[in-house]
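Reading through the structure tokens given below for one structure.
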Amino acid sequence: MQSGSSDGRQIAKAAGTVMFAFILSSVIGLVRQILVARAFGTAAEIEAFNAANRVAETLFNLVAGGALSSAFIPTFTGLLTQGRKPEAWKLASSVANLILLVLTVLCALAALFAPQIVRHILAPGFQSAPEKEQMTIGLLRVMLPSAAIFGLSGLAMAILNSYKVFFIPAITPSLYQVGLIFGVLVLKPYFGIWGLAYGVLIGASLHLGVQLPYLMRLGWSYVWMLGLNVPEVREVGRLMAPRLLGVAVVQLNFWINTRLASSMPEGSVTAIVLAFTLMLMPEAAIAQSFAIAALPTFSEQVATGHLERMRASLVTSLRGVLLLSLPASLGLMLMRIPIVQMLYQRGEFSEWSTTLVSWALLWYAAGLVGHAFVEVLSRSFYAFHDTRTPVLVGTMAMSMNVGFSFLFSFLFHRIGWLPHGGLALANSLATGIEALILLWLMARRLKPLDFRRIGIGFLQAGLASAGMIAFLLVWLTWSQAFPVGVIVLGGVLGSAAVYAAVGFLVRIEEVEALRRLAWEKIKLRGKEVL
């Protein structure tokens, strides 16, 4: 148990590092979104950009996104644990070459068939606006090379994470955002929306470039080889194959949402993109930081047969994401309108744009806890070299998501609600179901899993969140005449204070641990002064 506690502290410390980097990236990302919203609002140009960017994102996610890291890290870490460093670097070279080859071919095909992709698959609703359709086709072709660059960068992130280097990979999204900011501030006055597309290419290059010096320091000696006969390369392929199915289904859902939104009121495509991104900011800072930090530790524990430590580490990680994601979810739902107003409502981003984005955010935020649990639970399966189980569950959940998307958008339209909110609700409900199934399956594999400790954490987080909700309802009513920035800042700070205070009263162990740590540092500083 002492080892399990040590592992939990190691994961928490690494998660804190990644969380800081993600928060930094989120802040820079918010600046980028504010600038883009001010420049383009939710009008036709940004609708075309968001639709076109979906193709490059899909290619990257299929070939070198989460599917690659979930397969590569356990295999690469296993070689390092066995002291087989040369074989590990040959594996990295082979995977890098395969990624570059496959993505280059796919990008070339997508550029060739861009008109058919946009017109018949991605955004058929744009056919009623030929200028928007042609703009989408052109932007798609400009941004496609970013998929290949991001593919290599994704591999670099996986290698650094395997060495438990977390900060540098975690700040790479910040550099991507810097590229987009350059595009909207410097290039947009000359090239319009095309300047933002060029910013995507600049950002992708920065995303990769910042990691290369650190890879060299680790001793990577690049070798030109595909390694199709190398057992470890085949192992990555074997682990990656089922995961690809899950990624494909997720991307299919995004494409269907884009397709459905393209036929809804103008601005719906941008609204679901902005709202989903806002939900992902706390999800990334909370859940992805824990998940990224936990996977190497989980993999080591499984490789060395220390399943008791694995159980303790998993429960600690799940409690951590629960205690942070539940108040974040409820806070986003209650404060969605002032948050969107503060961030975006200026320039071309009108009051109607705020209505569109905040409506989608209400339903996306409801799924934040489910998204957080899926991030951590899926990594626990990857540590067992099992990509099949989370993929099958994810495929089932995302298949339900597709069905829910058609159903809820239709129902929302029938009762007079904005239909794109139904797309967001579909995602939240399907993800919640996915999280519950993954938790049940991992509990069967690792039994006994300490559900009592997770349940106590949920009850304590619920009580603390109830106090936070009461504060927010009073604050939002009382502060209506205040500037929107004051409303948001007061709501966030007040909510955090109330949640922490009630958490202390109901004896949340993590809150108590933070209090003790803070008190110890205060006493240490006092001794240094004396």
Hey, is the main chain of Ala426 close enough, under 3.5 Å, to the side chain of Ser405 for a donor-acceptor pair? no
Pairwise distance CD1(Ile149) to CG(Leu152) - rounded to 0.5 angstrom: 8.5 Å
Please work out whether the ring planes of Phe412 and Trp359 are parallel, tilted or perpendicular, with thresholds of 30° and 60°. tilted
Could you pull out the closest heavy-atom pair between Leu278 and Leu332, with the gap in Å? O-CD1, 4.3 Å
Nearest heavy-atom neighbours spanning Gly209 and Pro213: O-CD, 3.3 Å
May I ask you to test the Ile437-Met396 pair for a side-chain heavy-atom distance under 4.5 Å? yes
Do Asn427 and Phe404 come close enough that some side-chain heavy atom pair is under 4.5 Å? no
Using atom types as modelled and distance alone, determine if a side-chain donor or acceptor of Ser380 lies under 3.5 Å from a backbone N or O of Leu377. yes
Please name the pair of heavy atoms, one in Leu425 and one in Trp363, separated by the smallest distance, quoted to 0.1 Å. N-CB, 3.6 Å
One should read off an interatomic distance between Leu362 CG and Ser428 OG, to the nearest 0.5 angstrom, of 9.0 Å
Are Arg38 and Tyr344 in a cation-pi contact, defined as NZ or CZ under 6.0 Å from the six-membered ring centre and within 45° of the axis? no
Return yes if some donor-acceptor pair links the side-chain N/O of Arg336 with the main-chain N/O of Met333 below 3.5 Å, else return no. yes
Find the distance between CD (Glu87) and CG (Leu80) and round it off to the nearest 0.5 Å. 10.5 Å
Are Thr354 and Gln345 close enough, and set up right, to give a side chain to side chain donor-acceptor pair (under 3.5 Å), and what steps lead you there? CA-CA 7 Å; Thr354 294; Gln345 193 171 310; 2.6 Å; yes
Working to the nearest 0.5 angstrom, can you tell me the gap between Leu122 CG and Thr136 OG1? 7.5 Å
Between the main-chain N or O of Ala114 and the side-chain N or O of Arg141, is there a donor-acceptor pair closer than 3.5 Å? no
Given the rule in the side-chain contact (heavy atoms from CB on, under 4.5 Å) test, do Phe49 and Val36 qualify, once you have shown the distances and angles that lead to the verdict? CA-CA 11 Å; Phe49 174 88; Val36 171; over 6 Å; no
Working note: Leu187 + Leu196, criterion side-chain contact (heavy atoms from CB on, under 4.5 Å); need CA distance, chi angles, decisive distance, verdict. CA-CA 7 Å; Leu187 301 181; Leu196 190 60; over 6 Å; no
Any donor-acceptor pair under 3.5 Å linking the side chain of His420 with the backbone of Leu356? yes
Answer yes or no: is there a donor N or O on one side and an acceptor on the other, between the side chain of Ser329 and the main chain of Ser325, under 3.5 Å? no
Find out whether Val184 and Arg32 are in side-chain contact, i.e. whether some heavy atom of one side chain is under 4.5 Å from a heavy atom of the other. no
Do other residues, nucleotides or ligands put more than 12 heavy atoms under 6.0 Å from Gln116 CD? yes
Is Thr270 close to Glu47 at the side-chain level, that is, under 4.5 Å between some pair of heavy atoms? yes
Is there a side-chain contact between Thr172 and Gln211 (heavy atoms, below 4.5 Å)? yes
So for atom NZ, which belongs to Lys90, do other residues, nucleotides or ligands contribute more than 12 heavy atoms lying within a distance under 6.0 Å? no
Out of curiosity, Leu106 CG to Leu101 CG, how far, rounded to the nearest 0.5 Å? 9.5 Å
Minimal non-hydrogen separation, Ala110 against Leu140, with atom names: O-CD2, 4.1 Å
For Thr77, is there any backbone N or O sitting under 3.5 Å from a side-chain donor or acceptor partner on Ser162? no
To the nearest 0.5 Å, what is the distance between OG1 (Thr277) and CD (Glu283)? 11.5 Å
Tell me if the NE2 atom of His120 is crowded by more than 12 foreign heavy atoms within 6.0 Å. yes
Tell me, please, whether Phe40 has Lys188 positioned over its six-membered ring: NZ or CZ under 6.0 Å from the ring centre and within 45 degrees of its axis? yes
Neighbour count >12 (heavy atoms, 6.0 Å) for atom CZ, Phe384: yes
What are the two closest heavy atoms between Val376 and Phe298, and how far apart are they? O-CE1, 4.3 Å
Any side-chain to backbone donor/acceptor pair from Ser146 onto Met143? Under 3.5 Å, distance only. yes
Is a side-chain N or O of Ser93 found less than 3.5 angstrom from the main chain of Val223, in a donor-acceptor match? yes
Give me the one residue out of Thr395, Thr389, Val393 that meets side-chain contact (heavy atoms from CB on, under 4.5 Å) with Val391. Thr395
For Ser94 and Asn97, run side chain to side chain donor-acceptor pair (under 3.5 Å): C-alpha distance rounded to whole Å, both residues' side-chain angles, the deciding distance at 0.1 Å, then the answer. CA-CA 5 Å; Ser94 298; Asn97 295 329; 5.7 Å; no
When you compare the side chain of Phe408 with that of Leu423, does any pair of heavy atoms fall below 4.5 Å? no
Here the pair of heavy atoms bringing Leu79 nearest to Ala88 is CD1-CA, 3.6 Å
Is there any salt bridge (charged side-chain N to carboxylate O under 4.0 Å, His left out) pair reaching into residues 248-260, and which pairs are they, with sequence neighbours excluded? none
Does Arg54 make a cation-pi contact with Phe254 (under 6.0 Å, within 45 degrees of the axis)? yes
Audit row: Tyr382, Ile73, side-chain contact (heavy atoms from CB on, under 4.5 Å) steps and yes/no: CA-CA 9 Å; Tyr382 303 155; Ile73 290 179; over 6 Å; no
side-chain contact (heavy atoms from CB on, under 4.5 Å) with Val340: which of Val484, Thr355, Leu361? Leu361
Side chains of Tyr176 and Ile202 in contact at under 4.5 Å (non-hydrogen atoms): no
Examine Trp89 together with Phe76 and report whether their ring centres are nearer than 6.0 Å. yes
What I want to find out is whether Arg238 reaches Glu235 closely enough, with some N-O distance under 4.0 Å, to be called a salt bridge. yes
Do Gln33 and Met281 come within less than 4.5 Å of each other through their side chains, counting heavy atoms only? yes
Could you check whether any side-chain N or O of Asn401 sits under 3.5 Å from a backbone N or O of Ala430, counting only pairs where one atom can act as donor and the other as acceptor? no
Full working for side-chain contact (heavy atoms from CB on, under 4.5 Å) between Leu91 and Val230: CA-CA 8 Å; Leu91 169 65; Val230 175; 5.9 Å; no
